[in-house]
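When reading the values below, keep in mind they use all heavy atoms of this one structure, side chains included, and skip hydrogens, waters and symmetry mates. Quick note on labels: first sequence line is chain A, next is B, and so on, each numbered from 1.
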There are 2 protein chains.
Amino acid sequence: MNVALNDINQTEITRLRVACSNCNLRELCLPVDLTPDEMTRLEELSNQKRSYATGDYLYRSGDRFKSLHAIRSGSFKTRVLHEDGREQVTGFLMAGEIIGLDAISTDIHTCEALAMEDSEVCELPYSKLAELSREIPSLQRHVHKIMSREIVRDQGIMLLLGSMRAEERLAAFLLNMSQRNAIHGMSATQLRLRMSRLEIGSYLGLKLETVSRAFSHFQDEGLIQVKARAIEILALSKLREMVGK
Amino acid sequence: MNVALNDINQTEITRLRVACSNCNLRELCLPVDLTPDEMTRLEELSNQKRSYATGDYLYRSGDRFKSLHAIRSGSFKTRVLHEDGREQVTGFLMAGEIIGLDAISTDIHTCEALAMEDSEVCELPYSKLAELSREIPSLQRHVHKIMSREIVRDQGIMLLLGSMRAEERLAAFLLNMSQRNAIHGMSATQLRLRMSRLEIGSYLGLKLETVSRAFSHFQDEGLIQVKARAIEILALSKLREMVGK
DNA sequence: CGTTATTTTGAGCTGTTTCAAGCGCCGTGG
DNA sequence: CCACGGCGCTTGAAACAGCTCAAAATAACG
């Protein structure tokens, strides 16, 4: 999956203007109450839509930061790399979510993001977003909220990694995926995971074998039905009990 | 340590105006290049200094969010609580650092912050900060950077929790404390930890006994000298090797 | 339809936790 | 001033969760 090659496709294919006002992710991505005039200006912001094939990098660690990206379709994973080759998956992002917030800090991306399936994103040039959010308070508020939400999310993962055991972590993961599926109007019980056991393990701080065993054990207990990456949740409430809520 | 009681002290004692231009933490807390006029306006922002005794809450989970706080002296820990009583320390914050970013997301604090020693903070009312950062682009940029830096920091902790073993985690912790000590012009090798083994353990996802054993082992290896919470680092470079950098 | 990647499962091993006991330090009260 | 109790820290021994290594089963893919 070559990024340069991909770039060629984009210039050919995705010259379409992106109209936020028509986007069905409007509510998730930039849900601010805007006047018609403000909406017009917002649409000038994100006039670029880009496509990425499975495995393509959206950005790499060390890349110069220019834009945030709103995921329009598909999904990405983000990961941080350690000098010694260790890696940690820090997030799985799906449609409607904003990616790249880490890089505002230093203007350099500190983690990398790759497409887990063929995906599309709206580019949101940071300088324009900053300018616009100086002029539209509700947009400013929203940008702050997005960043703060990311901090809260990360703290939740810290809680998970720091104080839960393997099966609790997996239960929390499944519930999270279920919830986010539901937000997109999809089934809360039928999940089609886009990531491998290895990636889930990295995210949850577990080895892939442990993830696999936990899946099998949940199935034996009648909590879920596992068919490779297709998971059916049979007992949502019992999973909730496992993570203590 | 009663917060109400503490409030009385504040109204008596700390009516002092806070002059950012004279604050020796200026560089850390809000280091933006401002014109004299802008600086004056910034100082109107944070005119409240508050004191907290050891163990006092700066805020609790569920509290309504009004202000961020810049730590002027002392230190705080933040923690998230789980419904089932589980808790996770998510950060140790010291002078010059900004606390409370998690709450912007929902206007409600999702974690709680307590003073680990007698401490002072500058209150930064969020609405004023937002207003001012709409008018001063470099301040806006700085607010974004602070939030982004928090995200990067959290990702680093996720890496630590997800893929390091006990002694690597402790080494990373000591190096981090050393570095932050140095930023404040203090020794990079003489640390006076403000937190217990239990709190370190919670932060690092380890039991307190494991933390204690790791300290002892480091001492046996000649990496550090341990006298309860006073730690002397004897071999910084070896600690760095341990975490692979 | 063969080849490769992913997933499952088993068996043994290891790092971390658990449980338990002892030590040192500090503040309180006799 | 010393005894006492409490708290935080250290240390040991045993238990256990999750890891490693290995192999087989299954799914994905050209």
Review point. What is the distance from CG of A:Leu198 to C1' of C:dT8, rounded to the nearest Å?
Key: 15 Å
Study note, to complete from the structure: Whole-Å distance, B:Ile224 CD1 to D:dC9 P, equals 14 Å
Point to revise | Inter-axis angle, terminal five-pair segments of the helix from C:dC1-D:dG30 to C:dG30-D:dC1 [nearest 10°] | key: 40°
Revision key, fill the gap. Here the pair of heavy atoms bringing B:Ala113 nearest to B:Thr78 is CB-CG2, 4.0 Å
Point to revise | Exercise: identify the closest heavy-atom pair between A:Leu101 and B:Ser148 | key: O-OG, 2.7 Å
Point to revise | A:Ser212 side-chain N/O to C:dT9 phosphate OP1/OP2 under 4.0 Å | key: no
Practice item. Provide, to the nearest angstrom, the distance between the CD1 atom belonging to B:Ile200 and the C1' atom belonging to D:dC9. Key: 11 Å
Revision key, fill the gap. Heavy-atom closest pair (B:Val89 atom, B:Ser202 atom, distance to 0.1 Å) is N-OG, 2.9 Å
Review point. Are B:Lys238 and B:Glu241 close enough for a salt bridge, meaning some N to O gap below 4.0 Å?
Key: no
Check your understanding: In whole Å, what is the span from the CZ atom of B:Phe218 to the P atom of D:dT10?
Key -> 13 Å
**Study point:** Closest non-hydrogen atom pair between B:Arg153 and B:Glu150, with its separation
**Key:** NH2-OE2, 3.0 Å
Revision key, fill the gap. Expected list for residues 225-233 of chain A near DNA chain D, using heavy atoms below 4.0 Å, is none
Check your understanding: Rounded to the nearest Å, what distance is computed from the CD atom of residue A:Gln219 to the C1' atom of nucleotide D:dT26?
Key -> 14 Å
Taking only N/O atoms, report every protein-nucleotides 17-19 of chain D pair under 3.5 Å with atom names and distance.
residue: D:dG18; atom: OP1; partner: A:Ala166; partner atom: N; Å: 2.6
residue: D:dC19; atom: OP2; partner: A:Lys207; partner atom: N; Å: 3.3
residue: D:dC19; atom: OP2; partner: A:Thr210; partner atom: OG1; Å: 2.3

Exercise for review: Assign the ring pair A:Phe65 / A:His109 to parallel, tilted or perpendicular, where the plane angle (0 to 90°) is split at 30° and 60°.
Suggested key: perpendicular
Revision key, fill the gap. Taking for A:Glu209 and for B:Glu209 the nucleotide of DNA chain D with the nearest heavy atom, the one nearer the 5' end belongs to B:Glu209
Review point. What's the shortest heavy-atom distance between B:Met158 and A:Thr90, and which atoms?
Key: CE-O, 3.3 Å
Point to revise | Atom-pair distance (CD on B:Glu168; P on C:dG15), nearest Å | key: 12 Å
Review point. How close or far is atom P of D:dT10 from atom NE2 of B:His217, stated in whole angstroms?
Key: 15 Å
Point to revise | Spatial distance of atom CZ (B:Arg50) from atom CD (B:Glu120) [nearest 0.5 Å] | key: 12.5 Å
**Study point:** Residues A:Arg192, A:Glu117: salt bridge by 4.0 Å N-O rule
**Key:** no
Check your understanding: When the distance from CG of A:Leu193 to P of C:dT6 is rounded to whole Å, what number comes out?
Key -> 15 Å
Review point. Which heavy atom of A:Val121 sits nearest a heavy atom of A:Ile71, and at what distance?
Key: CG1-CA, 4.2 Å
Review point. Checking salt bridge (charged side-chain N to carboxylate O under 4.0 Å, His left out) for the pair B:Arg86/A:Glu168: CA distance, chi angles, key distance, verdict?
Key: CA-CA 13 Å; B:Arg86 241 183 303 223; A:Glu168 293 170 336; 2.8 Å; yes
